[in-house]
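Inspection log for the structure reproduced underneath, given as structure tokens.
Atoms within a ligand are numbered from 1 in the order they appear, just like the ligands themselves. Side chains included, hydrogens not; waters and symmetry mates left out as well; all remaining heavy atoms used.
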Amino acid sequence: MYQFKDDNGYSVTYSHQMNPFSQAPAHVFILTRFNKQWVLTKHKKRGYEFPGGKIETGESPEEAAGREVMEELGGQVGELIYIGQYKVDVDPVIIKNVYYTELTSLTPKHDYHETEGPIMVAGDILAKRFDDQFSFIMKDNTVRFSIEYILKDIKGV
Ligand code: GTP
């Protein structure tokens, strides 16, 4: 378990274990790659961030991940690899599952819901994420822990 304060002063707890908290996750966050590049979405207010959102009633976290990636990127998820889960001590508490996936396709769309569609980022995203156009969510240690885990443990990234 790792613990730190985010940019808003909220306490965040992160773990690579499956469901380490007493509550179930209600959000998902998906680190996506396609053609050897990271694929992010452009949120209209927050800026560049990996796709994600709320799990809808009756959906599994993996179903929510597949739906959010299609809505926000026009991407089809490949195998969804569970990376970890984190809790933000905001009111009400937010618990997010983090996944990694290689997209099997990325198809242009007319409408990307509340986002402006895919942004491709090549190279060192851990350094690039501090640029102004990136969302505050990307600057969190949750992204660092997740990317480091992916680079260390998943072949071919
Ligand atoms: P929508 O309800 O989706 O429109 O967005 P919202 O930002 O109003 O609500 P949400 O429930 O997604 O988030 C509420 C607050 O929780 C945000 O304003 C952030 O302060 C915090 N939060 C949400 N997701 C994250 C995250 O991934 N990391 C961190 N550090 N904080 C988050």
Taking [atom] as the reference point, the nearest protein heavy atom with its distance:
atom	value
atom 27 (O) of ligand 1	Y86 OH, 2.5 Å
atom 17 (C) of ligand 1	F136 CZ, 4.8 Å
atom 12 (O) of ligand 1	H27 NE2, 3.9 Å
atom 7 (O) of ligand 1	R46 NH1, 4.2 Å

Donor-acceptor pair, distance only, cut-off 3.5 Å: does the side chain of [X] make one with the backbone of [Y]?
X	Y	result
Q3	S11	no
R129	Y48	no
Y149	I154	no
H43	K45	yes
K36	A122	no

Relative to the heavy atoms of [X], which atoms of ligand 1 are at a distance of less than 4.0 Å?
X	answer
D6	29 (C), 30 (N), 31 (N)
D140	28 (N), 29 (C), 30 (N)
K54	1 (P), 2 (O), 3 (O)
I94	10 (P), 11 (O), 13 (O), 14 (C), 16 (O), 22 (N), 23 (C)
N8	20 (O)

| Got Y86 and H27 here, is their nearest side-chain heavy-atom distance under 4.5 Å? |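 Sidechains of H27 and Y86: no contact.
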| request: Spell out, yes or no, whether L126 and I137 are grouped together once hydrophobic residues are joined by side-chain heavy atoms under 4.5 Å, including indirect joins. | output: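 As far as the 4.5 Å side-chain criterion goes, I137 and L126 are connected within one cluster.
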Return yes when at least one protein heavy atom is under 4.0 Å from [atom], and no when none is.
atom	value
atom 25 (C) of ligand 1	yes
atom 20 (O) of ligand 1	yes
atom 4 (O) of ligand 1	no
atom 10 (P) of ligand 1	yes
atom 1 (P) of ligand 1	yes
atom 30 (N) of ligand 1	yes

| said: So, regarding Y10 and ligand 1 (criterion: nitrogen or oxygen to nitrogen or oxygen, under 3.5 Å), is there a contact or not? | reply: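 The answer is no, given that Y10 and ligand 1 share no N or O pair closer than 3.5 Å.
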| query | Using 4.0 Å as the upper bound for N to carboxylate O, is an ion pair formed by K87 and D89? | reply |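 K87 and D89: salt-bridged.
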| query | Is any side-chain N of the basic residue among E148 and R144 closer than 4.0 Å to the acidic one's carboxylate O? | reply |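 Between R144 and E148 there is a salt bridge, with a charged N closer than 4.0 Å to a carboxylate O.
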| message | Is the distance from the ring center of Y112 to that of H110 below 6.0 Å? | response |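 For Y112 and H110, the ring centres are not under 6.0 Å apart.
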